[in-house]
Amino acid sequence: MSGKGFVVPPGGGSILSMAPGRSAALKLLGGETADSVMLFEETAPSGTETTFHLHRDSDEVAWVLSGEITFKIGDEVTVGGPGTCAFMPRGVPHAWKNTSAETGRVLFLYTRPRQVGSSRNGWGARRARSTTPRPTRCAAGTAGR
């Protein structure tokens, strides 16, 4: 990366297909930001969920753009709609689930993304390397309990 900033225009960035109807619009990746941040917008159909996992080297921020997302961060479960912002610090187990009837959109930001994804080609493989402390799903109201 050079010492210059850059702009990703609307519709810019690669699209990563994650599952039928689920995708991530990759806006900023670690290799482009000197490993300072990674940013992507995820489109998640109703019922999409992650396992209860943690990141050892990256903090994670999620900003709900549409839909209703249930977050489990540590032992706390919170449900939020558009405008909700969740902070998941490194080392703290967390999960999320789209608990609305509609497709949701969430903007994700990772700090120090080297362990999460630094290139467009290797993003999915690196993201999958998150540590999973136990195989728990994030279900509305009872996530991980």
Is a side-chain donor or acceptor of [X] paired with a backbone partner of [Y] at a separation under 3.5 angstrom?
X      : Y      : value
Lys4   : Phe6   : no
Ser100 : Glu102 : yes
Glu76  : Ile73  : no
Ser36  : Thr33  : yes

Got a sec, which residues hit side-chain contact (heavy atoms from CB on, under 4.5 Å) with Leu107, two or more places apart in sequence or on another chain?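 Leu107: side-chain contact (heavy atoms from CB on, under 4.5 Å) contacts with Leu39, Glu41, Trp63, Leu65.
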
A side-chain contact here means heavy atoms from C-beta on lying under 4.5 Å apart; do Ile15 and Leu26 qualify?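 Counting from C-beta outward, Ile15 and Leu26 never come under 4.5 Å.
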
With a 4.5 Å cut-off on side-chain heavy atoms, are Val92 and Leu54 touching?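 Side chain of Leu54 against side chain of Val92, heavy atoms only: no contact under 4.5 Å found.
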
No-hydrogen, no-angle side-chain donor-acceptor test under 3.5 Å, Thr99 and Thr70: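 Yes.
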
To the nearest 0.5 Å, how far apart are [atom1] in [X] and [atom2] in [Y]?
X      : Y     : atom1 : atom2 : answer
Asp35  : Leu29 : CG    : CG    : 10.0 Å
His53  : Glu60 : NE2   : CD    : 5.5 Å
Glu49  : Thr51 : CD    : OG1   : 9.0 Å
Thr103 : Glu42 : OG1   : CD    : 11.5 Å

Hey, can you pull the donor-acceptor pairs under 3.5 Å for the side chains in residues 82-91, sequence neighbours left out?
from, atom 1, to, atom 2, distance (Å)
Thr84, OG1, Gly81, N, 3.1
Thr84, OG1, Gly81, O, 2.8
Arg90, NE, Asp59, OD1, 3.2
Arg90, NH1, Asp57, O, 3.4
Arg90, NH2, Asp59, OD2, 3.1
Arg90, NH2, Thr111, OG1, 3.4

Partners of Thr43 by side-chain hydrogen bond (donor to acceptor under 3.5 Å, both in side chains), sequence neighbours excluded?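 Not a single residue meets the side-chain hydrogen bond (donor to acceptor under 3.5 Å, both in side chains) criterion with Thr43.
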
Could you go through Ile69 and Val106, starting from their C-alpha distance and side-chain angles, then the distance that decides it, and tell me whether this counts as side chain to side chain contact (heavy atoms under 4.5 Å, CB included)? CA-CA 9 Å; Ile69 305 297; Val106 182; 3.8 Å; yes

Hey, do the aromatic rings of Phe52 and Trp96 have their centres closer than 6.0 Å?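 Between Phe52 and Trp96, the centre distance exceeds or equals 6.0 Å.
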
